[in-house]
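Numbers for residues simply follow the sequence, beginning at 1. For ligands, and for the atoms within them, numbers begin at 1 and follow the listed sequence.
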Amino acid sequence: MKNKIALTGIKPTGLPHIGNYFGAIKPAIELTQKYDARYFIADYHALNSIRDPKKIKEMTYEVAASWLACGLDPQKALVYRQSQVPQTFDLTSILMAFTPKGLMNRAHAYKAKLAKNSELNRDPDDGVNMGLFSYPVLMAADILLFDSDVVPVGQDQKQHLEMTIDIAQSINHIYNKELLKIPEPIIHKTTQTVSGLDGRKMSKSYDNTIPLFLKPKKLKKLIMKIVTNSQTIEEPKDPDTCNVFALYKLFTNHAEQEEMKKKYRAGGLGWGHAKTALFEKMNEKLAPFRENYSKIITDKEYIDKILDEGSKKAREIASKKMKMLKQNIGVGF
Ligand code: ADP
Ligand code: TRP
């Protein structure tokens, strides 16, 4: 029996942090055990905001190298550049014809931009390009092109998935045939929100991240910056409301967590001790990733080979899908 398909897109926006790892990379890599995976670099999506050719190129390598360094096996997943699968843009044009403008008006990213413009007394369209406005259609094409069954994403992408489903259902309804597979989002509840240095959601936009591949010295320095309360060393502490412990849990097993909880509650454990314990565990777990990354990123030929091979296979699959779709809607025969 044919395996089910898991697909996700990753924007080339720089090196990942611990939140990206637990929220997106790790669960996606786990899915490759059971699914045929397609994990691609969404470089056309990034064009909306990154206009420096060197930067976008470099970040594409960085993101690909990051996923490989974290254990993504290119034998188990097609890894490719969105830009190398032109059928994506062919499908985008088709989907456009079936996408109500009103649906796009409701998209969060676009609405946020409108609100910002209004707040700053600017024209509502200021800084809104068609790439931003139709972002969800390109994303729907990424997904529908590969008959994706599941799409692992963060909570912030939920609305885009709902729009993809809307567009696909409407096309299937019009032609009275399942031309497009209806995908299902996978949003992990437990690791949905990894907290950052200040206790808010870890995010590049909040400047509170712990990057995955930091050298030990810098990693330690950053961990020492985690915001804690002003309790003294002697005072018993509550692990359940502590930012340091929240991160500690991600890098330790149950027994280690119970042991640490006891120390918190007994008093005598200062924040410096707790942070050092966190650093040790984190550093131990991240060291192999860091080493892999530093090797892979210097070997651009290797990354290109993986992306080119992945793209070639992706194009073959995509081309069959487009042929079937076009035949059914009466274009491109
Ligand atoms: P950032 O907020 O740092 O810009 P992105 O928006 O690029 O991160 O997120 C890439 C992926 O990582 C998405 O699937 C997103 O949901 C996930 N992710 C980002 N931050 C976190 C976090 N703090 N906890 C869990 N998952 C996260
Ligand atoms: N929009 C996603 C993000 O910003 C990236 C993305 C592009 C994607 N195409 C996709 C995610 C298709 C899942 C499926 O993170």
Side-chain angles (χ1 to χ4, degrees), residues 5-29 31 35 37-50 59-60 62-63 66-67 70 77-83 85 88-89 91-92 95 107-110 112 131-132 134-165 167-168 181 183-212 243 246-247 249-250 314 318:
I5 310 291
L7 173 140
T8 201
I10 309 114
K11 269 202 294 186
T13 51
L15 288 172
H17 52 71
I18 283 165
N20 298 142
Y21 176 72
F22 287 100
I25 303 175
K26 186 169 178 258
I29 291 177
L31 281 179
Y35 290 83
R38 285 100 177 76
Y39 296 156
F40 67 95
I41 320 274
D43 47 0
Y44 266 41
H45 275 115
L47 268 184
N48 289 324
S49 52
I50 309 170
M59 289 200 291
T60 298
E62 284 179 1
V63 169
S66 300
W67 279 69
C70 291
L78 294 188
V79 189
Y80 56 92
R81 292 185 182 89
Q82 183 186 36
S83 56
V85 184
T88 308
F89 316 111
L91 180 55
T92 303
L95 299 184
H108 292 321
Y110 169 64
L132 170 68
S134 58
Y135 187 108
V137 188
L138 177 54
M139 182 157 160
D142 293 329
I143 297 169
L144 300 173
L145 188 56
F146 291 94
D147 291 326
S148 310
D149 291 282
V150 296
V151 183
V153 282
Q155 180 69 26
D156 55 334
Q157 297 300 314
K158 190 167 176 252
Q159 192 199 33
H160 291 150
L161 258 296
E162 286 162 0
M163 291 179 164
T164 301
I165 293 171
I167 298 168
K181 170 74 95 14
E184 186 195 327
I186 297 192
I187 298 169
H188 284 265
K189 289 276 181 290
T190 45
T191 48
Q192 195 165 281
T193 322
V194 174
S195 58
L197 298 176
D198 55 1
R200 289 188 295 171
K201 174 187 182 253
M202 187 178 289
S203 170
K204 277 170 242 134
S205 349
Y206 296 150
D207 201 15
N208 64 354
T209 69
I210 303 179
L212 264 185
N243 294 335
L247 289 168
K249 279 204 289 195
L250 296 170

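Nearest heavy atom pair, residue T88 against residue V85, reads OG1-O, 2.7 Å. Among all heavy-atom pairs drawn from N243 and L197, the shortest one is ND2-O, 4.3 Å.
Considering backbone and side-chain atoms together, G154 places an N or O closer than 3.5 Å to an N or O of ligand 1. Of the polar atoms of S203, at least one N or O is found under 3.5 Å from an N or O of ligand 1, judged by distance alone. On a distance-only criterion, H17 and ligand 1 share at least one N/O pair closer than 3.5 Å.
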Contact table, ligand 2 N/O with protein N/O, distance under 3.5 Å:
from	atom 1	to	atom 2	distance (Å)
ligand 2	1 (N)	Y135	OH	2.7
ligand 2	1 (N)	Q157	OE1	3.0
ligand 2	4 (O)	Y135	OH	3.0
ligand 2	4 (O)	Q157	NE2	3.3
ligand 2	9 (N)	D142	OD2	2.7

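In this comparison of K204, K158, M202, K26, the heavy atom closest to atom 7 (O) of ligand 1 sits on K204.
Residues N20 and K204 have side chains in contact (heavy-atom distance under 4.5 Å, counting atoms from C-beta outward).
At a heavy-atom cutoff of 4.0 Å, ligand 1 is contacted by both the backbone and the side chain of V194. The side chain of D156, and not its backbone, has at least one atom closer than 4.0 Å to an atom of ligand 1 (non-hydrogen atoms only; side chain from C-beta on).
When each of I143, L145, L7 is paired with R38, the side-chain contact (heavy atoms from CB on, under 4.5 Å) condition holds for L7 and for no other.
Of all atoms in ligand 1, numbered sequentially from 1 with element shown, those under 4.0 Å from a heavy atom of K201 are 2 (O), 19 (C), 20 (N), 21 (C), 23 (N). Taking every heavy atom of A24 and a limit of under 4.0 angstrom, the matching atoms of ligand 1 come to 11 (C), 12 (O), 14 (O).
Judged purely by atom type and a 3.5 angstrom limit, Y39 uses its side chain to pair as donor or acceptor with the backbone of A28. Formation of a donor-acceptor pair under 3.5 Å by the D149 side chain with backbone atoms of E184 is not found in this model. Under the 3.5 Å distance criterion, the side-chain polar atoms of T92 are left unmatched by any main-chain donor or acceptor of A141.
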*Would S83 and D43 satisfy side chain to side chain donor-acceptor pair (under 3.5 Å), going step by step from the backbone distance to the final call?*
CA-CA 6 Å; S83 56; D43 47 0; 2.5 Å; yes
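Relative ring orientation between F146 and Y80 is described as tilted, the plane-to-plane angle lying within the 30° to 60° band.
For K26, the NZ atom counts as loosely surrounded, since its 6.0 Å shell holds 12 or fewer non-hydrogen atoms of other residues, nucleotides or ligands.
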